[in-house]
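Structure, as structure tokens:
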Amino acid sequence: MGRLHGVQGMSIQKHIERIVIEALLEAQRDGALPTVEPPDPRVERPHNPEHGDFACALPLRLARPMRLSPIAIAERIVERVKTGEGVARVWAVPPGFVNFALDSAWLTARVETILDAGPSYGNVDLGSGRRVQVEFVSVNPTGPLHVGHARGAVFGSALANVLAAAGYDVQKEYYVNDAGNQIDAFGRSILARYAQSYGRDVPLPEDGYRGGYVLELAGDLKAEEGDRFLSMDEAEAAAQLGSLGVRRMIDLIEADMEEIRVVYDEWFSERSLYDNGQYDRTVAMLRNGGHLKERDGATWFASSALGDNEDRVLVRRSGSPTYLAADAAYHMNKFVERGFDRVIDVWGADHQGQVPSMKAVAKALGIDEERLVLLVYQLVTLKRGGEVVRLAKRSGDIVTLRELVDEVGADACRFFFLSRSPESQMEFDVDLAKEQSAENPVYYVQYAHARIAGILRLACERGIDFRGGDVSRLGHEAELALIRKMLQLPELVEQMADALEPHHLPHYSVELAAAFQRFYEQCRVVSSLPEDLDLSMARLRLVDAARTTLARCLDLMSMTAPEQM
RNA sequence: GCGCUUGUAGCUCAGUUGGAUAGAGCGCAGCCCUGCGGAGGCUGAGGCCGUGGGUUCGAGUCCCGCCAAGCGCGCCA
């Protein structure tokens with residue numbers, strides 16, 4: 001483990017933070033600097049390579065409390081920083097930065113640590129095995145997924161990948177709303193189409209689903225179940241058809257998800273909460289806590305007392321629960337029954353208005369605020385032929401997720417959706433996506449991997465066994481730049497897991513691929529000259545490590561890493 | 001009207017808890033193949049970071065006003 005990050009299991013960045021603090025404390029002991037509480041050193045990567053591999057602006061922040069010039073503080077720290085263990089040089093720069101340059105011998109040795117780590121390179125232990133649930137998409141099982149859902153699906157699954165890489169025990173969940181008004185309307189819609197297929201003049205319900213898939217569904221059910229629903233009580237027939245329809249829709253959604261490489265660990269039924277009494281217990285708990293009151297025949301949740309702008313209906317006059325009541329029971333299940341340490345709900349912006357009431361519910365149920373994270377991503381507006389397409393599910397005019405994946409491909413889809421931060425309001429131009437599918441950063445990254453695979457194949461064909469390659473022979477600028485870039489992956493995983501921001505992954509992948517391409521352009525790897533053999537072998541080690549790193553990035557994005565294109 | 005989110009290159013978007021000269025892809029103008037995959041490399045043009053204030057040694061980043069966009073404001077979910 002210690003070899004992975006260099007120094008005693010910690011990253012080089014953490015190591016540098018520590019030696020800065022140590023130098024500062026030493027200067028304070030010497031009386032060279034006044035004794036003030038040292039803030040977080042915040043070692044970061046400078047944009048400009050002239051400023052070294054890492055930089056620290058601590059002296060600038062210490063200037064005021066210490067009543068000294070920043071550069072003087074920087075110099076006194078620099079005098080006491082212990083180099084070695086990867087750090088070759090430390091220097092102070094006006095107005096008061098402390099810069100660090102890594103040792104090139106240490107850098108080249110990282111190639112071996114990457115190869116040792118193999119497919120697990122990039123893993124960090126931030127989570128210590130704590131159990132985290134990521135729940136995402138969870139749209140009503142009353143229709144197929146459309147392009148808008150792809151964003152949530154890609155984001156949620158990539159976030160889960162990142163958290164797993166960061167050492168969390170992650171579960172991906174889909175909450176199936178298999179009860180309530182929407183399901184009721186869905187059942188009545190199927191019944192109408194079903195009856196119509198027998199020539200009955202039955203209109204589609206006012207609040208019904210108009211999509212063509214309902215027609216197909218009714219046809220399928222007719223073929224398999226026959227006409228037995230015609231003689232049944234209407235409500236009963238709608239309920240049964242709805243239930244059958246939902247089951248099929250869940251299968252369809254599951255299959256659609258697989259198209260974009262999303263595989264859930266759990267499909268959680270809302271209905272189960274009513275069947276096993278957890279719903280009743282949760283309502284009783286809220287009541288005992290004094291959070292409920294009766295008004296206009298309905299039961300209200302006093303959420304305004306807990307930070308919400310107004311109270312919400314929890315149980316309708318009819319006795320049926322609102323989504324909020326179900327959500328309360330559902331989250332009790334997550335935290336109490338299943339004992340997750342942390343739960344992340346990924347919601348579309350059309351649900352952002354529910355955030356305050358959900359938080360109020362969590363508070364009322366005694367769930368620690370930090371354990372429940374609600375992430376909201378902005379909806380995708382779809383453009384086609386320059387026109388904005390409405391994404392209303394009931395209108396029936398939708399572009400399904402499956403159509404999109406068939407046209408653009410799962411890899412391009414994932415990369416595209418993942419490279420935007422969730423809060424960006426993106427316009428998805430279907431025509432442009434198809435048009436640019438050949439001229440796309442997706443293929444740039446994958447091409448780099450294929451090219452690497454080609455080089456390794458060639459080495460194999462030439463019979464070069466590079467296992468004993470000596471990486472200390474490396475030292476070309478392009479080689480070091482590539483190693484530096486590869487070294488960032490564990491840091492990135494840590495950062496992404498911490499901030500819950502997987503969208504950095506595609507950007508990093510492009511940078512990594514570019515670093516490789518520049519290396520490839522400048523450094524001949526497989527040479528036919530006998531005197532180059534040692535260097536070739538060292539470079540093949542590097543190329544193999546680059547393959548490892550690039551493949552891991554693609555893996556974290558659930559994208560394929562092609563051997564050839 | 002109120003709330004949440006967002007305004008960065010011609011287009012689509014990054015910009016790590018406030019740090020040094022604001023980046024990438026596409027598009028545009030050029031350059032580079034006697035060797036490993038040209039789906040490549042290099043160079044250039046292109047920016048009042050929506051706008052006006054404020055905080056700070058320092059603001060694309062934090063705070064406030066304004067303008068614009070998306071979403072929400074049901075005993076639907």
Side-chain angles (χ1 to χ4, degrees), chain A residues 40 42 44-48 50-51 55-57 60-61 63-64 69-70 93-97 99 138-140 142 177 180-183 185 207 295-300 309-310 312-318 320-324 326-327 348-356 376-381 416 419-429 432 435-436 438-441 443-444 446-448 450-459 462 488 491-492 495-496 498-499 501 503-504 506-508 510-511 514 517-518 520-529 536 539 543 564-565:
Chain A
D40 189 342
R42 294 189 195 174
E44 57 200 22
R45 289 182 175 275
H47 303 293
N48 189 335
E50 283 173 23
H51 298 141
C56 178
L60 288 162
R61 291 194 298 278
R64 182 183 290 269
S69 80
V93 178
F97 292 99
N99 294 340
S138 299
V139 295
N140 284 343
T142 52
N177 296 111
N181 289 341
Q182 306 282 348
I183 296 301
D207 58 349
R295 195 207 310 160
D296 304 330
T299 303
W300 293 70
N309 0 355
E310 54 186 340
R312 312 280 172 181
V313 172
L314 198 78
V315 183
R316 299 185 186 93
R317 201 176 327 170
S318 66
S320 66
T322 61
Y323 79 90
L324 186 61
D327 265 357
D350 52 341
H351 292 261
Q352 67 194 4
Q354 300 166 35
V355 170
V376 174
Y377 64 90
Q378 296 301 310
L379 262 30
V380 178
T381 50
F416 179 83
S419 48
R420 272 79 169 160
S421 78
E423 61 263 26
S424 73
Q425 290 159 196
M426 57 190 288
E427 271 192 358
F428 191 92
D429 191 322
L432 201 65
E435 199 178 287
Q436 293 190 341
E439 201 64 44
N440 209 302
Y443 302 102
Y444 179 79
Q446 291 185 320
Y447 177 71
R451 187 177 244 181
I452 288 171
I455 294 170
L456 296 175
R457 267 198 304 274
L458 180 73
R462 299 255 177 105
Q488 287 179 21
E491 277 171 43
L492 188 72
Q495 181 203 327
M496 290 188 299
D498 199 47
E501 289 179 348
H503 73 272
H504 300 291
H507 300 281
Y508 171 74
V510 170
E511 288 171 11
Q517 298 286 22
R518 279 192 284 269
Y520 173 85
E521 205 68 30
Q522 294 177 55
C523 301
R524 175 78 194 177
V525 179
V526 181
S527 167
S528 42
L529 303 173
S536 275
R539 284 181 171 165
V543 169
Q564 50 195 334
M565 291 175 74

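Side chains included, hydrogens not; waters and symmetry mates left out as well; all remaining heavy atoms used. Chain A is the first sequence line, chain B the second, and so forth, proteins listed ahead of strands; every chain is numbered from 1.
Applying the side-chain contact (heavy atoms from CB on, under 4.5 Å) test between A/Asn140 and each of A/Asn181, A/Asn177, A/Ile183 identifies A/Asn177 as the sole match.
When rounded to the nearest whole Å, the span between CZ of A/Arg45 and P of B/rA14 equals 22 Å. Between the CD atom of A/Gln495 and the P atom of B/rA14 there is a distance of 14 Å, rounded to whole Å. A/His504 has its NE2 atom 5 Å from the P atom of B/rG15, to the nearest Å. In this structure, A/Gln522 atom CD and B/rC42 atom P are separated by 8 Å, rounded to whole Å. B/rG74 atom P lies 16 Å from atom CD of A/Gln182, rounded to whole Å. Taking atom CZ of residue A/Arg539 and atom C1' of nucleotide B/rG35, one finds them 14 Å apart after rounding to whole Å. Residue A/Tyr520 contributes atom OH, which lies 14 Å from atom P of B/rC42 at whole-angstrom precision. Computed from coordinates, the A/Trp300 CH2 to B/rC75 C1' distance equals 7 Å when rounded to whole Å.
Closest to the side chain of A/Gln378, out of B/rG37, B/rG70, B/rG40, is B/rG70. Distances were taken from every side-chain heavy atom of A/Arg316 (C-beta onward) to each of B/rG37, B/rC75, B/rG72; the shortest belongs to B/rC75. When distances run from any side-chain atom of A/Arg42 to the nucleotides B/rC71, B/rC73, B/rU17, the shortest one goes to B/rU17. Closest approach to the A/Glu50 side chain among B/rU21, B/rU16, B/rC75 is made by B/rU21 (side chain taken as heavy atoms from C-beta onward). The A/Met565 side chain lies nearest to B/rA39 when the options are B/rA39, B/rC13, B/rA77. Side-chain proximity of A/Val526 to the nucleotides B/rC36, B/rG70, B/rA20 is greatest for B/rC36. For A/Arg420, counting side-chain heavy atoms from C-beta on, the closest listed nucleotide (B/rA20, B/rU5, B/rC13) is B/rC13. Set against B/rA20, B/rG70, B/rC76, the side chain of A/Gln352 has B/rG70 as its closest nucleotide. When distances run from any side-chain atom of A/Arg524 to the nucleotides B/rG35, B/rA14, B/rU6, the shortest one goes to B/rG35. Comparing B/rA14, B/rG40, B/rG25 against the side chain of A/Ser421 picks out B/rA14 as the nearest.
For the pair A/His47 and B/rA20, the criterion of a side-chain N or O lying under 4.0 Å from OP1 or OP2 is met. Residue A/Thr322 has no polar side-chain atom (N or O) positioned under 4.0 Å from OP1 or OP2 of B/rG74. Considering only side-chain N and O atoms, A/Tyr444 lies under 4.0 angstrom from the phosphate OP1 or OP2 of B/rG41. Look at A/Arg457 and you won't find any side-chain N or O under 4.0 angstrom from OP1 or OP2 of B/rC36. Residue A/Ser424 has a polar side-chain atom (N or O) positioned under 4.0 Å from OP1 or OP2 of B/rA14.
Residue contacts for A/Gln446: at a heavy-atom cut-off of 4.0 Å it reaches no nucleic acid atom on any strand shown. Nucleic acid contact for A/Arg518: sugar-phosphate only, since backbone atoms but no base atoms lie under 4.0 Å from a heavy atom of the residue. Among the protein residues, A/Asp327 comes within range of no part of the nucleic acid, since none of its heavy atoms lies under 4.0 Å from any strand. A/Met426 comes within 4.0 angstrom of sugar-phosphate atoms only, judged by non-hydrogen atoms across all strands, and of no base. Using a 4.0 Å heavy-atom criterion, one finds that A/Ala298 contacts the bases of the nucleic acid, with or without backbone contacts as well. Here A/Asp498 lies out of heavy-atom contact (under 4.0 Å) with every strand. Among the heavy atoms of the strands lying under 4.0 Å from A/Ala450 is at least one base atom, whether or not backbone atoms are also near. Residue-level contact check: A/Arg312 touches neither bases nor backbone, having no heavy atom under 4.0 Å from any strand. The residue A/Gln425 sits close to a base: some heavy atom pair falls under 4.0 Å. Residue contacts for A/Ala55: at a heavy-atom cut-off of 4.0 Å it reaches a base atom on one of the strands shown. Looking at heavy-atom distances under 4.0 Å, A/His507 makes contact with sugar-phosphate atoms alone, never a base. Looking at heavy-atom distances under 4.0 Å, A/Gln564 makes contact with a base. Nucleic acid contact class of A/Cys523 (heavy atoms, under 4.0 Å, all strands): base. Looking at heavy-atom distances under 4.0 Å, A/Thr299 makes no contact with the nucleic acid at all.
Shown here, B/rG46 forms no base pair; nothing in the strands shown gives a Watson-Crick or G-U wobble contact with both key distances under 3.5 Å. B/rG27 is unpaired under the criterion used here, namely a Watson-Crick or G-U wobble arrangement in which both key atom distances are under 3.5 Å. Within the shown strands, B/rC2 is the pairing partner of B/rG72 under the Watson-Crick or G-U definition, both distances less than 3.5 Å. Nucleotide B/rG37 forms a pair with no other nucleotide shown, judged by Watson-Crick or G-U wobble geometry with both contacts under 3.5 Å. Judged by Watson-Crick or G-U wobble contacts below 3.5 Å, the nucleotide B/rU16 has no partner.
Listed for the A/Thr322 side chain is a donor-acceptor partner under 3.5 Å among the backbone atoms of A/Val313.
Distance check on atom C1': B/rG40 versus B/rG7 gives 35 Å, rounded to whole Å. Comparing the C1' positions of B/rC13 and B/rU6 gives an interatomic distance of 13 Å, to the nearest angstrom. For the P atom pair drawn from B/rU16 and B/rU61, the interatomic distance equals 11 Å after rounding to whole Å.
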Stepwise side chain to side chain contact (heavy atoms under 4.5 Å, CB included) check, A/Val376 with A/Val355: CA-CA 9 Å; A/Val376 174; A/Val355 170; 4.0 Å; yes
Evaluation steps, side chain to side chain contact (heavy atoms under 4.5 Å, CB included), between A/Phe97 and A/Leu60: CA-CA 7 Å; A/Phe97 292 99; A/Leu60 288 162; 3.9 Å; yes
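We find that the ring of A/Tyr447 and the base of B/rG37 do not stack by the test of centres under 5.5 angstrom and planes tilted less than 30°. No aromatic stack links A/His503 and the base of B/rA14, using centre distance under 5.5 Å and interplanar angle under 30°.
Contact annotation: the side chain of A/His507 approaches that of A/Ser419 to within less than 4.5 Å [non-hydrogen atoms, C-beta and beyond]. For the pair A/Pro422/A/His503, a side-chain contact is recorded, criterion being any heavy-atom separation below 4.5 Å from C-beta on.
Nearer to the 5' terminus of RNA chain B, by closest-nucleotide assignment, is the contact made by A/Ala57 (compared with the other of A/Ala514 and A/Ala57). Residue A/Glu521 is the one, among A/Pro321 and A/Glu521, whose nearest nucleotide of RNA chain B lies closer to the 5' end (criterion: closest heavy atom).
For A/Arg420 and A/Phe416, the positive end sits near the middle of the six-membered ring, less than 6.0 Å away and at most 45° from its axis.
The minimum heavy-atom distance between A/Ala55 and A/Asn99, with the atom names listed, is CB-OD1, 3.4 Å. The two residues A/Asp296 and A/Arg317 make their nearest non-hydrogen contact at O-NE, 3.4 Å.
A salt bridge links A/Arg312 with A/Glu310: the distance from a Lys NZ or Arg NE/NH1/NH2 to an Asp or Glu carboxylate oxygen falls below 4.0 Å.
Within 3.5 Å, no donor on the side chain of A/Asn48 pairs with an acceptor on the base of B/rA22, nor the reverse.
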